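A short worksheet on the structure shown next.
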Amino acid sequence: MNRVQPGDATKGAGPSRSARLIPPPASILWGVAIVITTLLVYLSRELVLLLFVSAALAYLLSPLVRTAESAAIRRELAVTGLFITLVVTLLLAAYFLVPRLRAEVSTLYRTSSSLTERLDEAIDAIQKEITTDYPAARRMFPEREARYDRLNAFIEHQTANVPNLVSHLATIVLAGVLIPFFTYFLLRDSRRIVQFLMDRLPPVHIETSVAVWCQIDQIIGRYLRGLAMDGLVIGVAAASGLWVLGVNYPLLLGAFSGLANVVPFLGPILGGGVAMLVALIQFKSLAPLGKVLVLYLGIKLLDDVVIQPMTIGHSVHLHPALLIASVIVGEHAFGLIGMIVAVPAVTVLQETTRLLLERRHHQAGLPDTHPRRGVPIQHFVC
Amino acid sequence: MASLHWRDWATDPEQLRRLDFLGKVPLFAGLSRHQLGKLLVKLFEKEYAPGETIFLEGEPGKALFIVLDGTVSIFHAGHGAEERVTSLARGAYFGELALIDDLPRSASARADAQSVLLILYKSHFDDLIEGHSTIAIRVMGNLLKALAGYVRAAHARSADHATTLPGSATALEQGEKPLERPDR
């Protein structure tokens with residue numbers, strides 16, 4: 001009988017027929033599945049983005065549905081009631097806030113044709129203010145003509161994409177219809193979807209699967225709800241502060257600051273930058289500009305020390321370098337939404353890997369090194 | 001009469017049945033219906049076929065299991081063979097130590113018959129008790145009572161075992177010759 005001795009294959013003989021038929025290890029199959037899924041997600045990213053936004057909205061609203069469900073109210077009824085309440089609230093908000101916001105937008109639109117001139121005038125006034133006090137600073141500023149050309153080119157470049165928004169109107173309208181539709185069904189059927197997946201999971205893996213699912217649910221839920229609450233508080237604080245300082249368009253700028261805040265790192269800079277630009281054009285002086293800067297620095301400090309720990313809390317445990325890298329990769333792959341989604345997505349991956357490694361660690365019978373487990377044990381209880 | 005119909009239409013009978021069931025689980029004794037409702041929405045459900053493993057000894061424990069239907073046996077790996085510790089029926093719970101620490105499971109669990117279990121994951125439980133001190137006190141109190149019971153039972157067992165060990169006071173009283181101290 002011919003027996004294949006260990007190492008025969010390495011001695012020049014090809015792999016036997018049975019060896020060729022051995023399926024690849026599960027880890028390779030999982031890797032291939034992940035790569036194919038990522039590719040499919042990337043190719044259909046517009047639909048995926050709509051689903052992402054819908055899922056985010058569903059996460060924001062799910063605590064309200066769960067509260068109703070805990071009182072044994074039918075889920076369908078709770079979701080429908082919630083949607084009706086939301087529509088009424090939005091209509092009321094539109095009735096009271098939209099006329100004021102529209103007035104601010106139309107004023108901004110009317111004056112935007114002369115934006116370059118007004119900005120140039122403001123910069124000129126500030127230059128004069130500085131050079132009056134510090135004549136030596138004159139050498140630092142470029143000639144007015146050169147500055148005007150550069151400013152004009154910059155504004156033209158920044159506003160070049162605005163007409164594209166009109167061409168994307170159909171997509172925006174479609175999103176306006178599809179997002180509430182997806183959100184409704186995700187909210188209504190999320191429990192059924194989870195149950196469907198649970199029923200198909202092998203029982204021996206259920207505990208780790210439930211652990212992973214709960215971790216994902218908690219991280220995404222806490223992050224998104226925290227982000228929304230954070231944005232709301234920042235928006236209100238910025239609008240109130242700008243209104244007190246007498247800066248134009250406080251509602252618009254507050255809304256922009258709140259929305260921009262959802263983008264990690266870049267958001268607060270963008271919100272504060274636009275407010276300072278408006279203050280620069282309006283006051284043409286350094287002092288109000290400084291006040292707006294102090295206002296935004298104060299809001300950022302308040303956000304980091306008080307608001308974020310209360311809203312987002314410790315749901316995200318990413319190394320700062322990984323956090324920045326994830327935001328950059330997210331922006332390259334999915335644009336603005338990618339920047340917002342990147343942080344929870346990477347946190348979920350990190351937590352899932354940690355839980356799976358922990359399970360493998362236990363299965364391999366390795367010694368326990370978990371820091372939380374170092375609790376002193378009393379050897380006698382009476 | 002009309003209000004009764006309206007309530008029937010608005011409420012989920014399955015959820016109501018589960019609320020009643022949870023109220024009878026010893027771990028949740030003393031919780032109000034409102035508090036049980038908060039707990040109920042955190043639970044997952046899973047059906048197990050007879051003989052299916054629920055968890056294995058030595059695996060990381062992440063959740064508490066409540067028997068909604070069927071029977072479950074708990075096994076402990078003895079010297080070479082599995083030793084059946086207990087059998088649990090509807091309303092019983094197991095895996096409760098996972099709610100306290102992150103240590104590996106101290107026993108294995110297997111479904112004896114077609115069983116439906118409710119699963120409460122530790123992080124969901126932690127979330128619940130963080131925001132609701134009354135729930136925390138009640139559940140932790142019940143859990144402590146159960147653990148105190150286990151400790152007392154273990155002490156009683158070890159005391160019984162000690163009395164029957166060769167050289168123990170009871171064994172000596174029963175006429176056993178004392179062991180000779182080996183000379184050094």
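Convention: sequence-line order gives letters A, B, ...; per-chain numbering from 1. Given the structure is predicted, the values throughout are model-derived calculations rather than measurements.
The contact between A/Leu77 and chain B is made entirely by side chain atoms (from C-beta outward), counting heavy-atom distances below 4.5 Å. If you measure heavy-atom distances from B/Arg110 to chain A, you find no contacts under 4.5 Å at all. Residue B/Ile119 touches chain A through its side chain alone, counting heavy-atom pairs closer than 4.5 Å. For chain B, the nearby parts of A/Glu69 are the backbone and the side chain; heavy atoms of each come within less than 4.5 Å. Only the side chain of A/Arg191 comes within less than 4.5 Å of a heavy atom of chain B; its backbone N, CA, C and O stay farther away. If you measure heavy-atom distances from B/Leu117 to chain A, you find no contacts under 4.5 Å at all.
Across A/Ala72 and B/Leu16, no two heavy atoms sit closer than the pair CB-CD2, 3.7 Å.
Within the model, atoms OG of A/Ser70 and NE2 of B/His34 stand 6.5 Å from one another, a figure rounded to the nearest 0.5 Å.
A/Met198 is not listed as a side-chain neighbour of B/Glu45, based on a closest heavy-atom distance of 4.5 Å or more.
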Side-chain donor-acceptor pairs under 3.5 Å in residues 35-42 of chain B, sequence neighbours left out?
unit_1  : atom_1 : unit_2  : atom_2 : d
B/Gln35 : OE1    : B/Ser32 : N      : 2.9
B/Gln35 : OE1    : B/Ser32 : OG     : 3.3

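More than 12 heavy-atom neighbours from other residues, nucleotides or ligands sit within 6.0 angstrom of CZ on B/Phe44.
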